[in-house]
Every structure is written in structure tokens, then in C-alpha cells.
Visitor: 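This is the structure I have questions about; it appears just below.
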Amino acid sequence: MKDSIGRTINYLRISVTDLCNLRCVYCMPAEGVKPREHSEMMRFEEIVQVVRVAAENGISKIRLTGGEPLVRKGIVDLVRMIRQVSGINEITLTTNGFLLGKYAEALKDAGLTRVNVSLDTLKPDLFKKITRYGDLATVWQGIEAAEKHGLVPLKLNMVMVAGINDNEIPDFMNLTMQNAWHVRFIELMPIQNQVSWGEDFPDPSDCYISTGTVLERFQHMNLKPIYQVEQLGPAKLYQLPGARGYVGFISPLDDDHFCSRCNRLRLTADGNLRPCLMSDFEVPLLAAIRSGEDISSLIKKVIEQKPAHHELILNHTPANRNMMQIGG
Ligand code: SAM
Ligand code: SF4
């Protein structure tokens, strides 16, 4: 289905939980978020009902996210249930990788297509500092398990944080020389994270670094742009000479055409459908399902009302939810 400015909307990101086993400084408060009542969250049958009706309205790709999707009990069963929905031809999952070693094989068997793993540093101490709890070696085992069980091409997502991990950007790019991975650099977004991250961190307002600045600073890496006939996702792609994998930049703030390529809707864990990560507009699908309403017309309404572009640039950020509640 096309939205009001002609973008084809075929991708639904589903947050399956607000909870997480890590506390990345730019995403979650140190104390985490207050667990909600089970009854307020979408049950698997309700998620699948949304997927079914969304598929009838042109959605063919699903991404499971969170919070941390692998902490939701029964996540493998959910993948299997979504796999059976006619019209869905791709199911992916974004994870911090901590539990991936445990679940990779079962996820593949259930029908997951591939995974994105979020990883901001290759230094164990810094990893612990950024995530507040994490253990890099465990995540690395998760990445190896995902590769071994064919959840490929593997995508690594690194949020660029000035003064914290920007010096490691070349090391991350170099991972693509030996590995057929997509290593993607994401601009830090100021979504409910502009309070102090702790004494070891600079002021959050100093932590943004633009893609343009990074490309200029690391010109010597000799990245070559890849021209895609069809734009596949939000990343602008590059390649190092002789590399097996790709380097991508996801630049919601520094790319004027970012929103014109957006093909997605977002379903929150408590069942609200949003046309844009960075706008507060959302429609309560779960309430509609539970009162027996037709949700097809609501999904159409959300697609029709998808904003032409986000307003981060004007410093309008979502006021009602933070990143892990919307699903990143
Ligand atoms: N827990 C999973 C993970 O970390 O991959 C999935 C949810 S997380 C919210 C999804 C993605 O959003 C991660 O890649 C994370 O790094 C990114 N993210 C979180 N807060 C962000 C922010 N303020 N700016 C940019 N990316 C952010
Ligand atoms: Fe958890 Fe992912 Fe947010 Fe980190 S980025 S706190 S892993 S939801």
C-alpha cells in the first residue's frame, strides 16, 4: 500500500517487550523501566492478528525488536506463528546478542530469516560501561552462532557516540574485509536521553557525531559508494576495496532524503501502531482488537497519516515514549 506521498509501505517493526537485559546509556535509564501488567501487553495471538491484517494491506517484511526481543518468553514460537502468515516473506530480529548463542538455532528452525546485532564497541571494558551489564565475549558467541546457523547476511549496528566509540569506526569497517557482514553506523538520536549518562560520559548533547563528519574524518579508509537500483532499507551503502561485506550509514539527522526512503510502520509492545519513530501520533490497535473492531481501517489510517518527514531537526522529539518503548 502507498502512503500519501507515494512511498510503498511494506515493512512492520514489532516491539515484543519494553524490557531488556542491558541498560545502554543512550537508550535506557540505569534503573530500567517499570514492568507493565501482562494484560497491558500484546499477546502472541494478538500480534499475529495484526500481522495477518497488515499483510492483507501490503506488509511483507516483519522485524521483531524491543526492548530486547530475546527476553520475551516464547519468542521462538512467535517467529513460527508469524512464518505461517500468508504474504510475509521475511522475518528478521534486532538483538543485543546476549542470548543469541542460546536461541540462534531454534530461531532459524522456526523460520527467522536473519538478525541484526547491536554492538557499539570491540573493547570489553567499554562494552560493559556502555551497556552497564553486558559481556562482550557472550555477544561475540551469539554472533558466531547466528552465522553458523545461517541467520545471514548478519548486520552489525553501531551507534556512533562522539568521544566514546568514534575512534573504533575504522576497526568496525575493517570487520567487513574478512566477514560478509553489513556493518552499519547509526547516528545517535536525541530521544529521551538528554540527561546525564553517568560521570564517565560526556554531556549527552556533545555525543552526536554526524555521518558527514565521520566520512570526512575517515576518508583515508577509501570507502566506495554502492549505487543501488532499488534502495534496500535506510542505510546508504559503501564498500572497502576488496571487502567481503558492506559498510552502511543510517543518518536520520544528516541525510535530507532519509524519510523519502522510509517504508515502515511500528507496533509498540502495548499495541499502538505508529507511522514514524519520531512522532507521537499512534493508534491504539490492541484496544480495538479487544473490543472487536475492524483493525484494517485503522492500519490504513496510520499509513495515510505517515508524516512526510520527521521533525528531529527542529528539535521535536517523541514526548510519550523512549527508544526501547518504540523499538529503535
Ligand atoms: N535490544 C535490541 C538491540 O539493542 O538491538 C533491540 C532494541 S534497540 C532499541 C534497537 C536499536 O536502537 C539498537 O541498535 C540500538 O543501538 C538503537 N538505539 C537505541 N537508542 C538509540 C538512540 N538514541 N539513537 C540511535 N539509536 C539508538
Ligand atoms: Fe536494551 Fe537494545 Fe536499548 Fe541496549 S539498545 S538498552 S540492548 S533495548
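One-based numbering, in listed order, for ligands and for the atoms of each.
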Visitor: Got more than 12 heavy atoms from elsewhere within 6.0 Å of NE2, His220?
Guide: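 Yes, because the 6.0 Å sphere around NE2 of His220 holds more than 12 heavy atoms from other groups.
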
Visitor: Just checking Tyr11: does its OH atom have more than 12 heavy atoms from other residues, nucleotides or ligands closer to it than 6.0 angstrom?
Guide: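 For Tyr11, atom OH is crowded (more than 12 foreign heavy atoms under 6.0 Å).
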
Visitor: Once you restrict to heavy atoms under 4.0 Å, what part of Leu22 touches ligand 1? Side chain, backbone, both or neither.
Guide: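 Neither; nothing of Leu22 gets under 4.0 Å from ligand 1.
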
Visitor: Given Cys24, Gly66, Ser15, Pro204, which one has a non-hydrogen atom that is nearest to atom 9 (C) of ligand 1?
Guide: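 Looking at heavy atoms only, the winner is Gly66.
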
Visitor: Assign the ring pair Tyr26 / Trp197 to parallel, tilted or perpendicular, where the plane angle (0 to 90°) is split at 30° and 60°.
Guide: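 Perpendicular.
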
Visitor: Step by step, work out the side-chain hydrogen bond (donor to acceptor under 3.5 Å, both in side chains) result for Thr92 and Arg114.
Guide: CA-CA 5 Å; Thr92 58; Arg114 58 186 165 75; 5.1 Å; no

Visitor: Find all atoms of ligand 1 within a distance of less than 4.0 Å from any non-hydrogen atom belonging to Thr94, and give their numbers and elements.
Guide: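 With Thr94 as reference, the close atoms of ligand 1 come out as 2 (C), 5 (O), 6 (C).
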
Visitor: Give the atom numbers and elements of ligand 1 that come within less than 4.0 Å of a heavy atom of Asn96.
Guide: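 Ligand 1 atoms under the 4.0 Å threshold to Asn96: 2 (C), 3 (C), 5 (O).
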
Visitor: With a 4.5 Å cut-off on side-chain heavy atoms, are Thr113 and Lys61 touching?
Guide: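 Contact flag for Lys61/Thr113 side chains = no.
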
Visitor: Quick one: are the ring centres of Tyr133 and Phe98 less than 6.0 Å apart?
Guide: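 Between Tyr133 and Phe98, the centre distance exceeds or equals 6.0 Å.
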
Visitor: Begin with the C-alpha distance, continue with both residues' side-chain angles, and end with the deciding distance and a verdict on side-chain hydrogen bond (donor to acceptor under 3.5 Å, both in side chains) for Asn57 and Ser296.
Guide: CA-CA 8 Å; Asn57 284 286; Ser296 187; 3.1 Å; yes

Visitor: Please lay out, stage by stage, how Asn263 and Asn10 fare under the test side-chain hydrogen bond (donor to acceptor under 3.5 Å, both in side chains).
Guide: CA-CA 6 Å; Asn263 59 350; Asn10 60 1; 3.1 Å; yes

Visitor: So with a 6.0 Å cut-off around CD of Glu216, is the heavy-atom count from everything else above 12?
Guide: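 Atom CD in Glu216 is not crowded, with 12 or fewer foreign heavy atoms closer than 6.0 Å.
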
Visitor: Heavy-atom pairs closer than 4.0 Å: do any link ligand 1 to the side chain of Thr65, the backbone, both, or neither?
Guide: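 Answer for Thr65: side chain.
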
Visitor: Suppose we only count N/O/S atoms under 2.8 Å; would Cys27 qualify as near atom 4 (Fe) of ligand 2?
Guide: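 Not a single backbone or side-chain N, O or S atom of Cys27 is under 2.8 Å from atom 4 (Fe) of ligand 2.
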
Visitor: Check this for me - ligand 1, Ser118, N or O atoms closer than 3.5 angstrom, yes or no?
Guide: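 The answer is yes, given that Ser118 and ligand 1 share an N or O pair closer than 3.5 Å.
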
Visitor: Taking distance alone, with no angle check, do Pro69 and ligand 1 share an N/O pair under 3.5 Å?
Guide: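 There is no such contact.
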
Visitor: Considering only heavy atoms of Asn96, which atoms of ligand 2 have at least one such atom less than 4.0 Å away?
Guide: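 So the atoms of ligand 2 that pass are 7 (S).
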
Visitor: Run the numbers for me: atoms of ligand 1, each under 4.0 Å from some heavy atom of Asn193, listed by number.
Guide: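 Once the distances to Asn193 are compared, the set is 23 (N).
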
Visitor: Taking only non-hydrogen atoms of Met158, do any sit less than 4.0 angstrom from ligand 1?
Guide: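 It does not; every heavy atom stays at 4.0 Å or beyond.
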
Visitor: Which option, Met160, Glu68, Met189, owns the non-hydrogen atom nearest atom 23 (N) of ligand 1?
Guide: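 Heavy atom nearest to atom 23 (N) of ligand 1 belongs to Met189.
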
Visitor: Gly67 near ligand 2, heavy-atom distance under 4.0 Å?
Guide: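 Within the 4.0 Å threshold, so yes.
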
Visitor: Which atoms of ligand 1 sit under 4.0 Å from any heavy atom of Gly67?
Guide: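 Those qualifying, in numeric order: 1 (N), 2 (C), 6 (C), 7 (C).
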
